[in-house]
2 protein chains.
Amino acid sequence: MFIAFDLQKEHSIYGENVTQRIIDPQGKRGMVLRAARKLFVEKGYYAVSIPAIVKASGVSTGAIYSYFSNKEDLARQLYEETLDHFQDLFFARVPQDSNTYGKLRAVAELSFAIAENEPETMRYMLTIRHDEFISDSVPICYSEPFRWIQQIVADGIAKGELKAGDYFLSAVSFTGVIIRAVELRLSGVIKDSLLDVSDELINNAWATIRV
Amino acid sequence: MFIAFDLQKEHSIYGENVTQRIIDPQGKRGMVLRAARKLFVEKGYYAVSIPAIVKASGVSTGAIYSYFSNKEDLARQLYEETLDHFQDLFFARVPQDSNTYGKLRAVAELSFAIAENEPETMRYMLTIRHDEFISDSVPICYSEPFRWIQQIVADGIAKGELKAGDYFLSAVSFTGVIIRAVELRLSGVIKDSLLDVSDELINNAWATIRV
DNA sequence: GTCTATAGCCCGATAGAC
DNA sequence: GTCTATCGGGCTATAGAC
């Protein structure tokens, strides 16, 4: 809850060291990146032409090619900045000193809050096909935050706060509930705000791993 | 388990009324569809050119355009036949007379079995972006089978076999565990066969909704 | 720095031989 | 029915005016 509140007043979630990475909606470069992100999510990288980005962003071809050396470079900068931003939100907000339940609850609440308050960021995170243009083939959402969740779960099992079992499968199960809910919310299948059903979803996710 | 076994000997899963819909690997049309499916999953519809399909399938441009009126028509036939096949597997194999646990367990085992035995089918089901070329905007995996699972869950709650709560969120939670596991298996993140960890995953998924 | 205009390329689709 | 060769179109990226 408190997380959702913070996210709504945009300033407080972006710490000093994070600000520079934000895709600035004011500048032309940011307008291009935002328009491109929306279009890439909607249609996919290859289906989005530079003329389409020109039209959607209001920035001309020439200006775009002054900020980015080519279309792939644009996509790569978008990828890196969105991923960095996403990871900053995670590392900045999930309490290090809490117990296993507190940490995982925070992970889930933050995921829901980002989905509700920055849907384009979350949509991009879940949608983007890594293999479309990025050379390393690690899907975006299996990277840092996901591995971090694995660590929380592994620690929780070791401390006896979670049921014994394969920590990897437990992490998959917990995040499966959360991610599936986010996906269905972003695609409009779930009508209610995730913030309103957060408790029930977190209960369900927690049930997969609790003792 | 028995499901996995059946799937391995390909004949038994394809009933009489299903056979005609199968993408025949022998005929040229089937070779085109199989090659296209693989390429579409790997790179996305727009990134795959007709020349690329010619090369991958060994069928010439002229022959392709004798089977399909254009590239979109090819994609649409592929979509419909793969979806039909997938749904046939579901409706043919999940027991109608079982209790809630038995039905959902069968759904999960069948999902794992398809992922292991027909990875290209499952990959396509999870990967394809509906909005890339299909006019109606319903994501492929939210359609019939998913709605059917919702019904099973709703019935289970009504009969007191599942915990009370929002049936939709319960269905999301159960399928979230299953789908996430399948996704991570298909992308190579999970190394073990899902058939070997089926029991643990089904336990986790079931825990989200049981009384 | 930012614009418009356009070069050069590859794609989808077709034509015509066989 | 199936092949190769090719056309028109839209794309990425650049050139040149301002």
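Convention: sequence-line order gives letters A, B, ...; per-chain numbering from 1.
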Item to complete: Compare every heavy atom of Y167(A) with every heavy atom of V153(A), then report the nearest pair and how far apart it is.
Response: CG1-O, 3.6 Å
Item to complete: Would you indicate what S60(A) reaches in the nucleic acid, counting non-hydrogen atoms under 4.0 angstrom: base, sugar-phosphate, or nothing?
Response: base
Worksheet item: Quick one: N70(B) CG to dG9(D) C1', roughly how many Å, whole number?
Response: 16 Å
Practice prompt. State the OG-CG distance between S173(A) and L201(B), to the nearest 0.5 angstrom.
Written response: 5.5 Å
Worksheet item: Rounded to the nearest Å, what distance is computed from the CE atom of residue M31(A) to the P atom of nucleotide dT2(C)?
Response: 11 Å
Item to complete: Give V54(B) one of three labels, base, sugar-phosphate or nothing, depending on what nucleic acid heavy atoms sit under 4.0 Å from its own.
Response: nothing
Worksheet, complete the sentence: Whole-Å distance, I53(A) CD1 to dA13(D) P, equals 11 Å
Worksheet item: E116(A) side chain to L194(A) main-chain N or O, any donor-acceptor pair under 3.5 Å?
Response: yes
Item to complete: Figure out the CD1/C1' separation between I50(B) and dC3(D), and round it to whole Å.
Response: 16 Å
Worksheet item: Heavy atoms under 4.0 Å, any strand shown: does F68(A) hit a base, just sugar-phosphate, or nothing?
Response: nothing
Worksheet item: For Y45(B) and dC11(C), what is the distance between atoms OH and C1' respectively, to the nearest whole Å?
Response: 12 Å
Worksheet entry | Charged tip of R123(A) within 45° of F86(A) ring normal and under 6.0 Å | no
Worksheet item: Does Y67(A) put a side-chain nitrogen or oxygen below 4.0 Å from OP1 or OP2 of dG1(C)?
Response: no
Item to complete: Report the nucleotide, chosen from dT14(D), dT14(C), dT2(C), that has the shortest atom-to-atom distance to any side-chain atom of T61(A).
Response: dT14(D)
Worksheet item: Between atom OH in Y65(A) and atom P in dA15(D), what is the gap in whole Å?
Response: 13 Å
Worksheet item: Would you say dT14(D) has OP1 or OP2 under 4.0 Å from some side-chain N or O of K71(A)?
Response: no
Practice prompt. Let me know the distance between CG of L74(A) and P of dC11(D), rounded to the nearest Å.
Written response: 16 Å
Discussion item. Expressed as a whole number of angstroms, how long is the span from Y46(B):OH to dG12(C):P?
Written reply: 11 Å
Item to complete: Output the distance between atom CZ (R34(B)) and atom OH (Y124(B)), rounded to the nearest 0.5 Å.
Response: 13.5 Å
